There are 2 protein chains.
Amino acid sequence: MRIGELAERTGAPARMLRYYEQHGLITAERSPNGYRDFPEAIVDRVRQIRGLLDAGVPVKIIKQILPCLGSPEEIYFPVPDPEMLAQLEEQRDRMTRKAECVLRNRDAIAAYLERVSGTA
Amino acid sequence: MRIGELAERTGAPARMLRYYEQHGLITAERSPNGYRDFPEAIVDRVRQIRGLLDAGVPVKIIKQILPCLGSPEEIYFPVPDPEMLAQLEEQRDRMTRKAECVLRNRDAIAAYLERVSGTA
DNA sequence: TCTAACCTTGACACTAATGTCAGAGTCCAG
DNA sequence: CTGGACTCTGACATTAGTGTCAAGGTTAGA
């Protein structure tokens, strides 16, 4: 599919799709006319990227962790570089803390809303 | 306490503390010499701010939700503005989705690490 | 008293993620 | 075959969060 359709289906502006491609988050074939040609599967990938971005995970990190997610059959398990493994472990723990923090504060908001609605 | 001590105790550079003050996330008295004078309680507040920022919550939102968290006895429950309540509800749901997304991807990383360590 | 360490404000720079616009090529539909 | 819709690249603008530096005031200690 072309970039317009992908944009429409994912909600990501075409500008961002080019940006993601430029930064190696997604790849696209090129039609003879130079237009990007995305495979169907890219839709989910873009949704995942958007989710991670929205969750505050920066592009650099997403690029690192994307290969570990989805389509595991595509992965070679290419003698995992120990440095990268360390980064992944750190990232995992970081995301744990991040989630905890978000949930803690969400609960605080929820509690506040409870109190207010109870008062009303 | 002065800004240097606060910076040291929170890990936030003094530059950022001024930034937070400028954006209304924290407040400080002023000593006669013009130096900021922070109360003890600000330490936790700054830690909370840092946590939220690290979790990808922008300053604007933090400013909105901070009054709802901590020290509830300080809050007047000032006829909660319905528009703000709506924003808070949206923020709560947003944070739920955010946490889910982060956890989902963290689990994917964890699973990957499991596989690799199992293979090793 | 002088120096070092602290504080002040203000300015400039940078990165990440986006928006937007310009100029040019492509393609379909009338 | 022409106009409108789509695509391409590239450049510039913007916002948030930070880093850093300059020029100056304050203060504590040798």
Side-chain angles (χ1 to χ4, degrees), chain A residues 1-39 42 45-66 87 91 94-95 98 101-102 105, chain B residues 1-39 42 45-66 87 91 94-95 98 101-102 105:
Chain A
M1 86 193 67
R2 289 186 306 179
I3 202 171
E5 185 184 342
L6 182 57
E8 196 174 355
R9 287 176 58 185
T10 59
R15 170 70 172 85
M16 283 302 98
L17 298 174
R18 299 196 189 97
Y19 179 80
Y20 300 153
E21 189 202 27
Q22 204 176 357
H23 288 68
L25 296 184
I26 55 179
T27 51
E29 307 278 287
R30 291 299 180 129
S31 302
N33 55 12
Y35 288 11
R36 287 171 184 82
D37 184 18
F38 296 98
I42 214 80
R45 167 135 303 202
V46 170
R47 293 220 180 94
Q48 187 166 37
I49 292 172
R50 301 292 285 181
L52 284 167
L53 278 177
D54 185 59
V57 182
V59 164
K60 271 185 193 170
I61 306 295
I62 297 180
K63 186 177 175 183
Q64 274 186 17
I65 67 184
L66 264 190
Q87 281 194 320
Q91 195 55 36
R94 197 178 165 75
M95 291 173 88
K98 184 172 292 205
C101 178
V102 171
N105 285 283
Chain B
M1 89 194 66
R2 289 186 305 179
I3 203 171
E5 186 185 342
L6 182 58
E8 196 175 356
R9 287 176 59 185
T10 60
R15 170 71 172 85
M16 284 302 99
L17 298 175
R18 299 195 189 97
Y19 179 79
Y20 300 154
E21 190 202 26
Q22 205 175 356
H23 288 68
L25 296 184
I26 55 179
T27 51
E29 307 277 287
R30 291 299 181 129
S31 303
N33 54 14
Y35 288 12
R36 287 172 184 81
D37 185 18
F38 295 99
I42 214 78
R45 168 135 304 202
V46 170
R47 294 220 180 93
Q48 188 167 35
I49 292 172
R50 301 291 286 181
L52 285 167
L53 278 177
D54 185 60
V57 182
V59 165
K60 272 185 193 170
I61 306 294
I62 297 180
K63 188 177 174 183
Q64 274 187 17
I65 67 184
L66 264 190
Q87 281 194 319
Q91 195 55 36
R94 198 178 164 75
M95 291 173 89
K98 183 172 291 205
C101 178
V102 171
N105 285 283

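Bear in mind that the values here come from a model prediction, so they are computed numbers and not experimental data.
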S.K.: I'd like to check A/Leu52 versus B/Asn105 (side-chain heavy atoms, cut-off strictly below 4.5 Å). Are they in contact?
M.R.: yes
S.K.: Quick check for you: to the nearest 0.5 Å, what is the distance between B/Arg94 atom CZ and B/Lys98 atom NZ?
M.R.: 5.5 Å
S.K.: Round to the nearest Å and state the distance from B/Glu21 atom CD to C/dG10 atom P.
M.R.: 12 Å
S.K.: What integer distance in Å separates B/Glu5:CD from C/dC6:P?
M.R.: 12 Å
S.K.: Do B/Thr10 and B/Ile42 make a side-chain contact, defined as non-hydrogen atoms from C-beta onward lying under 4.5 Å apart?
M.R.: no
S.K.: Do A/Arg36 and A/Arg2 come close enough that some side-chain heavy atom pair is under 4.5 Å?
M.R.: no
S.K.: For DNA chain C, which residues in residues 27-39 of chain A have a heavy atom at a distance below 4.0 Å?
M.R.: A/Asn33, A/Tyr35
S.K.: How long is the straight-line distance from CD1 of B/Ile49 back to CZ of B/Arg47, given to the nearest 0.5 Å?
M.R.: 12.0 Å
S.K.: Once each nucleotide of nucleotides 10-22 of chain D is scored for protein heavy atoms under 4.0 Å, what B/S/- sequence comes out, 5' to 3'?
M.R.: -B----SBBBB--
S.K.: Whole Å only: how far is the CG atom of B/Leu17 from the C1' atom of C/dC6?
M.R.: 15 Å
S.K.: For A/Arg2 and C/dC28, what is the distance between atoms CZ and P respectively, to the nearest whole Å?
M.R.: 8 Å
S.K.: Any side-chain heavy atom of B/Gln91 sitting closer than 4.5 Å to one from B/Ile65?
M.R.: yes
S.K.: Whole angstroms only, please: what is the CD1-C1' distance between A/Ile61 and C/dT15?
M.R.: 14 Å
S.K.: Using a 3.5 Å distance criterion without hydrogens, assess whether the side chain of B/Asp37 forms a donor-acceptor pair with backbone atoms of B/Met1.
M.R.: yes
S.K.: State, with a plain yes or no, whether a side-chain heavy atom of A/Ile26 is found less than 4.5 Å away from one of A/Phe38.
M.R.: yes
